[in-house]
Structures are given as structure tokens and as C-alpha cells.
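Everything on this sheet refers to the single structure shown next.
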Amino acid sequence: MSTETETMEHKAPGKGIKVAKGVGAGLLALCLVGSLGLNVYQAQAQRDYANQMGAFIAEQKERWAKAEEQENTYQEDGYKVAGEYEIRSTTHISDAYKSGDDSQLSAEDKDTLKMAKDVLDEVLSDGMDNYEKELAVYRWMVANIGNNGSDGVIVRPGSGGSPFTPHDVLKSKNAVCVGYATTFRLFMNMLGMDCHIVHNDYHSWDLVELEPDQWYHVDVYSDAHGAEFANFNMTDAICGMGHSWDGSALPVADSVKYSPAVQNSVELDGLLDVPAQFKKAVDEGLGAVYFRFKTPLTEEEQSTANFLVSVLENAINATMENSYFQALWYPGEDGNDILGLLMERYDDDEPEPGFDSSSPEGKAVIQAIAEAFGLEPADLGDLGDDPGGDIPVDDAFPTTVPIPEGIGGSVIIS
């Protein structure tokens, strides 16, 4: 019995250890179950997050693929604006200008190169930077290229109201929008500047790089038939107010350094200085004037500015016929807005230059034709130095050859 008791006494501690181990094992099991439950929750959260990230990445890839597809399908050269006016490459001509070797050019391309070179020789001077060169070309095109169809009764290449290649534009001094855009691009490329033609289905213009990654929209066509500088060196934001295009394949234009507002703005003390300064600019024949203010305008002064511009427009309408007026706030380099006032006057009644039939050359032409056809010179309009009678010389043979009016217009930015 004692042995039994001793044995039992010796076994009791072992049993206690087993019980303790059993309890510990139970607690450990509970901890493991809890830990396993937490891991399952975290794993599910991680799976959900991974699914969300996967969906986001897939969406981004799809967007990038679409953007890349648009870039790959965007077309400049070969595209036909309005289904008719083709944008044609002139890289071979600008390359020939820069290399000084035109031996590989066709006769027409050599003619184009010569005409373009003559323009650059006329408008450029030593020491000009890219902006000054661009401005000189822009002003020449605005002043010299119109949209009046043929300038006489003999039809020249591209002069029938739709010249769209640089050759025909420079030859006829007329152009549709594609003609302006491709000719401006040719000039910019000849001067070493990168330039794209931006287009939609019905219009085209240029996007030129004046400094690395500083791009500007230029619509020479619209300014040639509207207000000067209204569409010159625009940012995407300004251009987007009057134009629409697919920008996915084109550089971003957000610099204002070479905008006409920043380059030409005049600093004023306040709004009440605007009328006199604007009237002075109008009297000097300026088509655009830009004002910045020493102190940024308050919200109340902004309202006053709007009222001032509306009264200015009334004054212009009351004192000037055939005029176009527009106002716009332009962004400045310092973050302060610049007030731009644009105006153009149309002289619709100004006679077009023509050929004087009473000149010696005119009389010689009439005499030669009269002899060839067995007519009297009077039958062809030559009534002599003293015509007499009731028929004025001008009615018998006009001293000017009328030129049909072109289709012009202004891009109104509001």
C-alpha cells in the first residue's frame, strides 16, 4: 500500500504537468485559430487590393494603348482638310536650303525654294533669335498673302481661290488655310525650328517650337483676315477657345514667354488709363494692344474692367465704321492677367489697283488687237486723247480690272 501510495505520489506531479500541457495546448490552439483567422482576413484584403490594382493597371494600359493608337494614326502630311486640300511635305525643300544643295529638287521645288529664300533675305537680319525670325515671317505673310482668288483674268497656278501648296501660295500671294499652314511650316523648318501642322476636318494651323519644349500655336490664316496677333503664339488654353483639335499626338503648348501679350504689354497705373492709351494705339494703326497693371485687379475692379470694355466697344461702334473689336484676358509670366484689346478696320470701299488702259502700254495693246481683228481702236475702248461724245472713257474701257472679294473672316476669341 505504501508502495502504491508512493507510486501514486510520484505520478501525481506528472499528471499535473500533462494537465498543464493540455491547458497550454488548448490556449495555443485558440491563439493559432485566432491567428489563422487574422491571416485569412489579411489574405482576403490583400487579394482585394491586388484585384483593384490589377484593374487599375489594366485600365491605365488600355488608356495608354488608345493614346498610342491615336498618336500612330494622327496624320499631318497626306491628310486632306475639308477632304480636298492636302497637307504636303516640304522637308526636302527646307533640307536643301540648310544644306545649300538643291540638285535633287524638281524644277517646281527649286522655284519654291527660291521664292521662300527671297522672302527670308528680305525680312531677316543678323542677330535675330527664333522669336524675332518667327515674328518677321508672320508679319510678312499677314501683309502679303491674301485670299482674293486670282489677281487678274489670267489664271496662275493655285490662284483660283484655293492655293494650298507653298509653291502656289508664294507664286499667287493667295492661300486657303492649308496654304498658310504649310508655307509657314516651310519657313520655320528652313530656319531650323520644329513645326507641326495642327488640323481638324475643316481648318489647319501651326504649332512651332521656339525654345526647347516651348511650343506655340500660330494661325496665320485667321490673322490675315482678322485682327493682328489674335491667333499668334497661343497656348493650348487660349487656342482652345477658338479652335478644336486632337492633341494626343502633339506637344503641349503652355508657355506664355513669347505670347504677344507678354512681349508687348504696357504697364498702367489703373483701369482709367486704358481708354486714352487704347485710343492712341488705334490712331497709330495698331491692331492689338495689351495692358498689365502695377497692382493686380481686385474682384470688384474685374467687374469694372468688364464694364469699361463694353463702353469702349460702344465708342468704337459710334466713331468707326467697318470695325471689329474684341477683348481677352491673357496669362502673364508672373501669374497676373494681361488685358488684350484687339481691333481691325475693314476698308471695303477702297478701290483695288488695276491696269491703266490710257497708258502708252494700254494704247499699244489696243492698237495691236484692233489691227489683228480689223477693228477700230474705239471699238475696243480706246477713244483717243479727247474721246468726246456722251460715253466716258472709264465706261468704255475700265481703267481698273476688278478683283473679286475674297472670303475672309476673324476667329473671335471670347
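Checking His217 against Trp205 by side-chain atom types alone, a donor-acceptor pair falls below 3.5 Å. Asp109 and Thr112 form no side-chain donor-acceptor contact under 3.5 Å, judged by distance and modelled atom types alone. Defined by atom type and a distance below 3.5 Å, a donor-acceptor pair is present between the side-chain atoms of His196 and Glu76. In summary, the side chains of Ser248 and Asp246 do present a donor paired with an acceptor at a separation below 3.5 Å, with no hydrogens or angles considered.
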Go through the steps to decide whether Met343 and Met320 satisfy the test side chain to side chain contact (heavy atoms under 4.5 Å, CB included), and finish with yes or no.
CA-CA 11 Å; Met343 196 190 79; Met320 304 175 191; 3.8 Å; yes
Between Glu84 and Phe164, does a side chain to side chain contact (heavy atoms under 4.5 Å, CB included) hold up when you go through it step by step?
CA-CA 10 Å; Glu84 183 176 0; Phe164 62 92; over 6 Å; no
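Taking the six-membered ring where the residue is Trp, the centroids of Phe184 and Phe187 are separated by 6.0 Å or more. For Phe278 and Phe325, the distance between ring centers is under 6.0 angstrom.
A salt bridge is absent between Asp223 and Arg139: the closest approach of a Lys/Arg side-chain nitrogen to an acidic carboxylate oxygen does not fall below 4.0 angstrom. Of the charged side-chain nitrogens involved, none lies within less than 4.0 Å of a carboxylate oxygen, so that Asp337 and Arg292 do not count as a salt-bridged pair. Between Arg185 and Asp206 there is no salt bridge, since no side-chain nitrogen of the basic residue lies less than 4.0 Å from a carboxylate oxygen of the acidic one.
Residues Val309 and Leu341 have side chains in contact (heavy-atom distance under 4.5 Å, counting atoms from C-beta outward). Contact annotation: the side chain of Val169 approaches that of Ile145 to within less than 4.5 Å [non-hydrogen atoms, C-beta and beyond]. Residues Ser222 and His203 form a side-chain contact, since some pair of their non-hydrogen atoms from C-beta on lies under 4.5 Å apart. Counting heavy atoms from C-beta on, the side chains of Glu134 and Tyr258 never come closer than 4.5 Å. Two residues are said to be in side-chain contact when any heavy atoms from C-beta on lie closer than 4.5 Å; Glu313 and Gln326 fail this criterion. Looking at Glu211 and Asn130, their side chains never come closer than 4.5 Å, going by heavy atoms from C-beta outward.
Within the structure, ring pair (Phe, Tyr, Trp, His ring centres under 6.0 Å) contacts touching residues 281-312 (residues at least two apart or in different chains) are Tyr290-Tyr330.
Between His199 and Tyr74, the two ring planes are parallel [angle under 30°; tilted spans 30° to 60°]. The aromatic rings of Tyr221 and His225 stand perpendicular to each other, their planes meeting at an angle above 60°, with 30° marking the opposite boundary.
The environment of NZ in Lys80 is sparse: at most 12 heavy-atom neighbours from other residues, nucleotides or ligands sit within 6.0 Å.
In this structure, the side chain to side chain contact (heavy atoms under 4.5 Å, CB included) partners of Glu132, at least two apart in sequence or on a different chain, are Met128, Asp129. Take Trp140 and apply the ring pair (Phe, Tyr, Trp, His ring centres under 6.0 Å) test, not counting sequence neighbours, and it matches no residue.
Proximity of a side-chain donor or acceptor of Glu301 to a complementary backbone N or O of Thr298 within less than 3.5 Å is detected.
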